[in-house]
Structure formats: C-alpha cells, structure tokens
Amino acid sequence: MASAGVVRPYGDAGILVEFGALGRDAAWATAQAVGAGLLAAAPPGLRDVVATFDAVFVDFDPLVTSARQIEEAVRRCGRRPLPRPPARAIEIHVDYGGEGAPDLAEAAAGLGMGPEELVLLHTDAIWTIRFFAAPVGAPMMDGPTFPRPLPRRSEPRLEVPAGSVAISGHQTVIYPVAAPSGWQVIGRTSARLVDPKATPMTTYRPGDRVTFRA
Amino acid sequence: MPDARGGEALVVRRAGIATLQDLGRAGYAHMGLSANGASDVGAATVANLLVGNEPGAPLIEVTASAFSFTALAPLLFAVTGATETLRVGGEDQPVSAPLAVGAGDTVELAAPRVGLRSYLALNGDLIAPRLLGSVAPDRLLGFGPRLGQGDRIALRSRFDETAHSPGQVLPTWSTWETGIRLDEAIVEVTPGPEIDQFDEAHERLDGAVFQVSPNSDAMALRFEGQRLRRRTTTELLTRGVPVGAVEVPPRGPLLALLRGRYVTAGYPVVAIATRTAIDVLAQLRVGQRVRLRLTTTERAIRMLSRRQERLAEIDRRVRAAFFFADLAHCLSRSRDPVLTEQVTD
C-alpha cells in the first residue's frame with residue numbers, strides 16, 4: 001500500500017509522502033501505519049514524523065541520511081505495518097452556546113443550515129480521531145460529511161480559549177490549550193485533554209471514536 | 001578531574017527580552033508539539049562551542065534588547081549573534097570569544113543595531129526546569145518564563161579560574177559568518193509541494209524582494225510584497241509542515257514559519273527556507289528587506305555540510321586552546337569531536 005505513496009522533497013531536510021489516491025480510510029490507515037512504523041524503526045537521522053489524514057511528513061538530518069534512504073524506510077514500513085490498537089469510544093461534553101461558540105451562527109449559515117441543526121449534526125455523528133494536531137495532542141477528527149466543506153476563517157484569531165471545539169472543511173478539532181486558530185469555533189468543553197508531563201500525554205489516540213454531547 | 005561546582009552563577013540586572021533556550025525538543029511532532037528552541041541555531045551552537053560546552057547546552061537568548069548581569073562566581077562565557085557591543089566592568093570586550101569574569105563583575109550586552117538575536121553561553125550546565133528533556137520555552141504550553149530583573153541563574157561548572165583577570169581568556173578566531181545584514185537579507189528556499197498551484201511562481205519568487213511586516217511574531221514572519229495568484233480555491237487537508245515553510249494564506253502576506261510554528265497546518269506551501277537560511281530568518285528585523293532565492297536541495301545540503309565543517313573547526317580550535325590555557329578540565333566532552341559523515345547515495 002505504501003508503494004502507492006507519492007514522495008516529494010519538502011525542504012532540504014524533509015520529504016512529504018501523500019496517499020490521497022487511496023481514498024479516505026485507506027489513505028489514513030496507510031499514513032498512520034507508515035508513521036508508527038518509522039517511529040518504531042527509528043532509522044539513523046530521523047528527527048520527526050507527522051502522519052495526518054492522508055500524508056506523512058518526515059523530518060530528518062540530511063548530514064546523516066538522505067531523502068532516498070528515508071523513502072526506502074517508508075516503503076518498508078508500508079510492507080510490514082504494525083498492528084493497530086483497538087479503537088475506544090469516547091464521549092465529550094460540549095457547551096454549544098454563548099461566548100464559547102462565537103462562530104456557531106456563521107458556520108451554520110456557511111453550511112446552509114440553522115445553528116440548532118449544526119449542533120444536531122455535530123452531536124449525532126461518530127467522529128474518528130485521525131492524528132494529534134498542533135498545538136499539543138489536539139484530537140483532529142473527521143466523520144460526517146458537511147453539505148459543503150467549510151472554509152477557514154478569513155482572519156485567524158490570535159487566541160482561542162483552551163477547550164474550544166472548532167470545525168473546518170469536514171473536520172473537527174479541540175484545542176487542549178489556548179492557541180491561535182483559523183477555524184470556526186462552535187463550542188467549548190471543560191474536559192482535560194492533555195498532560196505534557198504524563199506518559200501517554202493524552203487519554204485518547206488515533207482511531208478512537210468520539211461522540212459529542214450538548 | 002575535579003567535581004563540577006554547583007551554585008548561583010549570576011543575577012540578572014537588566015533583562016530585556018531574554019529566555020533560557022537550547023536546541024529544543026525534537027521528536028514530539030507526532031504529538032503535535034513544536035520543537036521550539038534557539039532561533040539562530042548556528043550562533044547558539046558557536047556560543048556553546050566557544051565555552052567548551054556541548055552544542056545543545058542550555059544558554060540565554062536575548063532578543064532585540066540590551067541585557068546585563070552581575071557574576072556571582074567565576075564564569076567563563078561567550079556572546080554571539082547580533083549584539084556588537086559587550087562591556088565587562090565598563091570596558092569593551094570582544095564578542096565571539098571566551099571571556100572570564102570573577103564574582104562581582106558586571107557584564108553588559110548592548111541592544112543590537114542590526115539583526116535581532118544574541119546568545120550568551122556559560123561554561124558548564126545551566127540548572128533549569130526541563131519539559132521532555134529541553135529547557136526551551138513553549139508559549140502555548142505555558143512552559144518556560146522570560147527572565148526578569150533580579151533572577152538568579154544556577155550553574156554546575158568546573159571553571160573556577162580566579163587567576164584570570166576579567167577579560168579575554170583565549171584568542172578570538174571565530175570564523176563564523178552570521179546571516180545578519182544591514183539592508184537586504186538573502187533567504188535561500190527550495191520549491192514547495194504546492195508551488196505549481198500558483199501562476200508563474202518560480203519566476204515570481206526567485207529574486208523577489210519582500211519586507212518583514214510588523215505583524216510578525218515568534219511563530220511566523222510575514223513578508224509584505226507581491227501576492228501570488230493561486231489557480232484553485234480548494235483548501236488543503238491539514239498536514240505536517242517544516243520549520244522554514246513559506247505559506248500562502250488566502251489573503252494577506254506570505255508567512256515564513258519559525259521554530260515556534262504549529263507542526264500541522266493547511267495553507268499551501270510554495271517554498272521552504274533551507275536549514276542554513278532559517279538562521280537568517282531568525283535575525284530579521286521588522287521593516288527589513290528580504291530577497292528570496294530559489295535553490296536546489298543538493299546545493300542546500302552542500303551549504304549545510306560546509307556549515308557543519310566550520311562548526312567542527314571551531315570546536316577543534318577551542319579544545320586545543322583550552323588545553324594550552326589549562327582549562328581542559330572544563331570541557332564538557334572528553335572525546336575528540338567527530339565531523340559527522342555525510343551520507344551520499
């Protein structure tokens with residue numbers, strides 16, 4: 001499957017491997033398998049691996065290894081994927097009103113629906129965590145398809161509060177800490193998501209299924 | 001070998017904008033964590049090598065401001081980066097050179113006229129809290145405060161040379177060239193994955209001049225100048241981005257990502273600054289002009305390799321100079337430095 005990845009240079013110390021052609025779930029599963037496999041194999045010169053929806057960014061030291069060697073390591077990971085841990089069900093309580101949901105009305109309008117309808121869509125769905133996004137351990141999720149992809153805000157916010165639940169495209173993310181964001185904030189949760197000093201840092205991982213409760 | 005002495009090394013008199021830094025916490029991008037760390041890796045590494053430390057030892061980064069401290073114990077230190085004027089006990093001393101002071105001596109770094117960031121390294125191990133192995137602040141996690149007036153910094157060091165009078169201990173021969181320029185800075189970039197989504201991007205970017213916008217911050221510089229025209233409006237799925245990526249938001253100036261950047265993002269990436277060019281980005285002031293230059297990964301890696309050779313040369317000369325100054329016991333590593341071999345295929 002990893003042989004279906006398109007590999008391109010990404011700076012002088014990185015490559016980008018894209019699996020989009022495989023279709024949504026296969027692309028994600030392959031990207032995650034390659035990411036986990038690279039981290040486990042830890043080839044010399046590997047610095048960081050970021051596996052996302054359908055791609056893997058590999059950051060390496062070009063004075064130790066090369067893009068070609070890293071590409072070979074990527075192919076090997078695809079041929080022998082690591083077993084995936086079982087998916088767990090997680091419930092997250094969200095307040096979809098007031099000052100915690102500054103973009104709810106505008107996001108709903110952008111999707112051609114009323115705010116209550118958007119909340120129903122959001123809470124009815126089962127969302128799958130695909131990877132840990134910035135700023136730290138943010139659960140990046142997808143699941144239902146919105147009537148159309150929701151664009152990012154034209155002006156990102158300098159800061160959204162910790163616990164902000166935001167949407168963009170067909171995805172949802174929660175910000176574990178206050179952070180800049182260009183996404184539409186439709187609610188807030190008081191759930192504690194991340195402890196950078198703990199191992200593991202989060203109580204959830206890619207593959208887990210999330211339902212939101214108003 | 002005598003044991004390293006631990007204790008308070010200095011008290012901050014004038015803090016300006018200063019933080020403890022090292023080379024950051026790489027290896028956690030899969031958790032969404034940025035590496036952070038010293039912005040000008042070259043200058044920070046040279047500062048540490050000049051005082052016989054490991055390249056990644058904690059040190060002080062001073063941004064755009066003056067900084068001064070009073071030594072509380074004998075210290076062997078060096079200052080690199082943007083600041084040009086260094087005074088010890090009121091007397092001018094050279095930057096990019098190992099200097100010795102005794103308890104009670106005051107050291108002043110002037111605010112830089114040109115460039116942005118300066119580095120102050122002390123022989124030994126700065127004692128400071130670490131997160132995931134690094135002292136580097138992460139603003140989003142609320143880790144790592146700015147230094148303040150009156151702060152006392154603790155250090156474990158074998159340097160106890162009260163025999164040296166305040167001033168220069170070892171010869172100045174640093175061959176380090178900073179990327180700091182008064183007027184126009186050259187930033188070399190390689191083409192990004194989405195470059196072909198923009199009309200004539202190769203021609204428009206190569207040699208293009210931009211101005212650093214006041215809206216720049218620790219996460220990204222904003223380059224005011226020509227806007228690129230994208231052929232599609234399809235938004236990208238969020239994916240990983242390297243430090244140095246040049247992003248094209250739907251509106252507004254280009255973004256050049258620095259070490260505090262989010263590891264995942266969704267704007268199209270039209271170019272990526274080379275590893276050596278990132279040190280140039282780290283020294284850009286608001287209002288400064290920047291000229292982009294398209295290059296290849298092969299040329300970029302050759303430049304990085306040459307930089308590594310210069311660092312190895314500085315390391316070898318320092319180690320020899322420490323030996324002849326009876327300071328070999330202060331060196332942090334006992335083995336000879338090894339030039340990392342470049343792997344070719």
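Excluded from the calculations below are hydrogen atoms, water molecules and symmetry mates; all remaining heavy atoms, backbone and side chain alike, are included. Sequence lines set the chain letters: A, B, ... in the order given, protein chains first and strands last, and positions in each chain run from 1.
Using a 4.0 Å cut-off between a side-chain N of Lys or Arg and a carboxylate O of Asp or Glu, A/E18 and A/R8 qualify as a salt bridge. A salt bridge does not link B/R302 with A/D12: every distance from a Lys NZ or Arg NE/NH1/NH2 to an Asp or Glu carboxylate oxygen is 4.0 Å or more. With respect to A/E155 and A/R152, no salt bridge is recorded, no charged nitrogen being found less than 4.0 Å from a carboxylate O.
Interface remark: A/L39 contributes side-chain atoms only to the contact with chain B (heavy atom separation under 4.5 Å). In this structure, chain A has heavy atoms under 4.5 Å from both the backbone and the side chain of B/L140. Neither the backbone nor the side chain of B/P250 comes within less than 4.5 Å of any heavy atom in chain A. Proximity to chain B is absent for every atom of A/D142, based on heavy atoms less than 4.5 angstrom apart. For B/L304, the parts lying under 4.5 angstrom from a heavy atom of chain A are both the backbone and the side chain. Contact annotation for B/F143: neither backbone nor side-chain heavy atoms come within less than 4.5 Å of a heavy atom of chain A. With a 4.5 Å cut-off on non-hydrogen atoms, A/P180 touches chain B through its backbone and its side chain both. Contact annotation for A/F132: both backbone and side-chain heavy atoms come within less than 4.5 Å of a heavy atom of chain B. With a 4.5 Å cut-off on non-hydrogen atoms, B/L236 touches chain A through its backbone but not through its side chain. The parts of B/R239 that come within reach of chain A are both its backbone and its side chain, each placing non-hydrogen atoms under 4.5 angstrom from that chain. Within the 4.5 angstrom heavy-atom criterion, only side-chain atoms of B/V269, from C-beta onward, approach chain A. At a 4.5 Å heavy-atom cutoff, the contact between A/Y10 and chain B is made by backbone and side-chain atoms alike. A/V136 touches chain B through backbone and side chain together, each having a heavy atom under 4.5 Å away. Residue A/A51 does not touch chain B at all, counting heavy-atom pairs closer than 4.5 Å. Heavy-atom distances place the side chain of B/T190, and not its backbone, under 4.5 Å from chain A. With a 4.5 Å cut-off on non-hydrogen atoms, A/P149 does not touch chain B at all.
Evaluated for a side chain to side chain donor-acceptor pair (under 3.5 Å) with A/E71, the options A/Q69, A/R75, A/R68 yield exactly one hit, A/R75.
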